[in-house]
Amino acid sequence: MDTILQMFQDWAWIGWLVLMVLFFVIEIFTLDMTFLMLGLGSAVGLLSTLTGWPVWVQVIIAALAAVLFIFLLRPPLLRRLHRGEDQTRSNVDALIGLHGTVLLEVTSLTGQVKLSNGDTWTARLASEAPVVAPLAPGAPVTVERIEGATAYVRSAHD
C-alpha cells in the first residue's frame, strides 16, 4: 500500500500539469477568467510538489490559491478587460426611449407606429390601466419597452 501511495506522490506533478493545461484550454473558449484562475491554482499545486508534502496538502494549497486568485485577481482583470467597451445600446435596447409617430390608431390591443429611426412597428399602449384613450394617427409617442415584434408605447406628452 505504501508503494502505491509513494508512486502516486511521485507522479502527482503530472496530474497538476494536466489539470493546469486543461483549465487553460477551457479558458480559451470561455474567456471568463475563472478557469484561468483555476489553472493558476493548479500551477501553485504543481509548485507545491517540490516541497514533498502529501498530495492532500497540495490539493488544499492549490484550492486556497485558486480561491484567492478568483476573489483578488479576477475582478481587476475583468474590469481592465471591459474598460474600453462601447457602452452604446444596440438592437432592441436602442429602441427604448425612441420617439415616433402613430400610423394606425394605437390601443391596448393593436396599432402601428413609425419610429424616428425609420422602422415601422406593431404597437400597443404601454399603460396597464384597463381603460386608456387610444392614440390617434399622427400623435407623437415614446417607446417604453419591446416584447417580441411589438413596441409598447405611451404618448410623448405624458
Side-chain angles (χ1 to χ4, degrees), residues 13-49 56-158:
W13 67 273
I14 294 175
W16 288 117
L17 190 62
V18 167
L19 220 86
M20 187 174 63
V21 169
L22 179 70
F23 285 143
F24 289 154
V25 168
I26 292 172
E27 178 61 34
I28 290 170
F29 294 107
T30 62
L31 299 175
D32 188 39
M33 300 287 185
T34 302
F35 286 99
L36 176 64
M37 300 303 118
L38 293 175
L40 291 175
S42 298
V44 170
L46 177 63
L47 291 175
S48 70
T49 60
W56 66 270
V57 174
Q58 296 174 24
V59 169
I60 291 173
I61 291 170
L64 289 174
V67 167
L68 284 174
F69 288 141
I70 286 172
F71 287 111
L72 299 177
L73 185 59
R74 183 174 175 262
L77 284 176
L78 286 176
R79 276 194 301 276
R80 185 167 178 103
L81 179 68
H82 297 299
R83 180 178 53 195
E85 284 185 354
D86 185 11
Q87 299 299 318
T88 306
R89 296 184 305 171
S90 62
N91 300 329
V92 173
D93 293 333
L95 300 175
I96 308 302
L98 206 59
H99 298 287
T101 306
V102 174
L103 295 177
L104 298 174
E105 183 179 68
V106 176
T107 67
S108 58
L109 300 175
T110 186
Q112 193 174 49
V113 296
K114 183 166 188 130
L115 301 179
S116 60
N117 67 357
D119 290 346
T120 301
W121 281 76
T122 300
R124 292 185 183 157
L125 288 173
S127 176
E128 299 297 327
V131 179
V132 178
L135 297 173
V141 293
T142 303
V143 177
E144 277 197 7
R145 70 181 188 274
I146 302 290
E147 290 181 12
T150 303
Y152 286 81
V153 299
R154 62 176 166 75
S155 172
H157 301 299
D158 290 344

Taking the side chain as every heavy atom from C-beta outward, state whether [X] and [Y] have any atom pair closer than 4.5 Å.
X      : Y      : result
Phe23  : Leu19  : yes
Tyr152 : Val106 : no
Asn117 : Leu98  : yes
Trp121 : Val143 : no

Self-check item: Under the salt bridge (Lys or Arg N to Asp or Glu O under 4.0 Å) test, residues paired with Arg74 that sit two or more places apart
Solution: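 Counting only residues at least two positions away or on another chain, Arg74 forms a salt bridge (Lys or Arg N to Asp or Glu O under 4.0 Å) with Asp32.
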Quiz item: Excluding sequence neighbours, so at least two apart, what forms salt bridge (Lys or Arg N to Asp or Glu O under 4.0 Å) with Asp119?
Solution: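 Testing Asp119 for salt bridge (Lys or Arg N to Asp or Glu O under 4.0 Å), a comparison that skips the adjacent residues, returns none.
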Taking all heavy atoms of [X] and all of [Y], pick out the closest pair and write down the distance.
X      : Y      : answer
Ser108 : Leu125 : N-CD1, 4.0 Å
Leu36  : Glu27  : N-OE1, 3.1 Å
Ala62  : Gly41  : CB-O, 3.3 Å
Ala123 : Val153 : CB-CG2, 4.4 Å
Val102 : Leu135 : CG1-O, 3.7 Å
Pro137 : Glu105 : CG-N, 4.1 Å

Could you give the distance from [atom1] ([X]) to [atom2] ([Y]), rounded to the nearest 0.5 Å?
X      : Y      : atom1 : atom2 : answer
Leu81  : Leu78  : CG    : CG    : 6.5 Å
Leu38  : Ile26  : CG    : CD1   : 9.0 Å
Ile70  : Leu40  : CD1   : CG    : 10.0 Å
Leu115 : Thr101 : CG    : OG1   : 9.0 Å
Arg145 : Asp93  : CZ    : CG    : 14.5 Å
Gln58  : Trp13  : CD    : CH2   : 13.0 Å

Quiz item: Can you list the residues that meet the side chain to side chain contact (heavy atoms under 4.5 Å, CB included) rule with Val18, with sequence neighbours excluded?
Solution: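 Side chain to side chain contact (heavy atoms under 4.5 Å, CB included) list for Val18, sorted by chain: Ile14.
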Quiz item: Does the side chain to side chain contact (heavy atoms under 4.5 Å, CB included) test come out yes or no for Val57 and Ser48, once each step is laid out?
Solution: CA-CA 9 Å; Val57 174; Ser48 70; over 6 Å; no
Practice problem: Please confirm whether the backbone N or O of His99 pairs with a side-chain atom of Ser116, one donor and one acceptor, at under 3.5 Å? | Solution: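 Present.
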Self-check item: Heavy-atom donor-acceptor pair, Arg124 side chain to Leu109 backbone, under 3.5 Å
Solution: yes
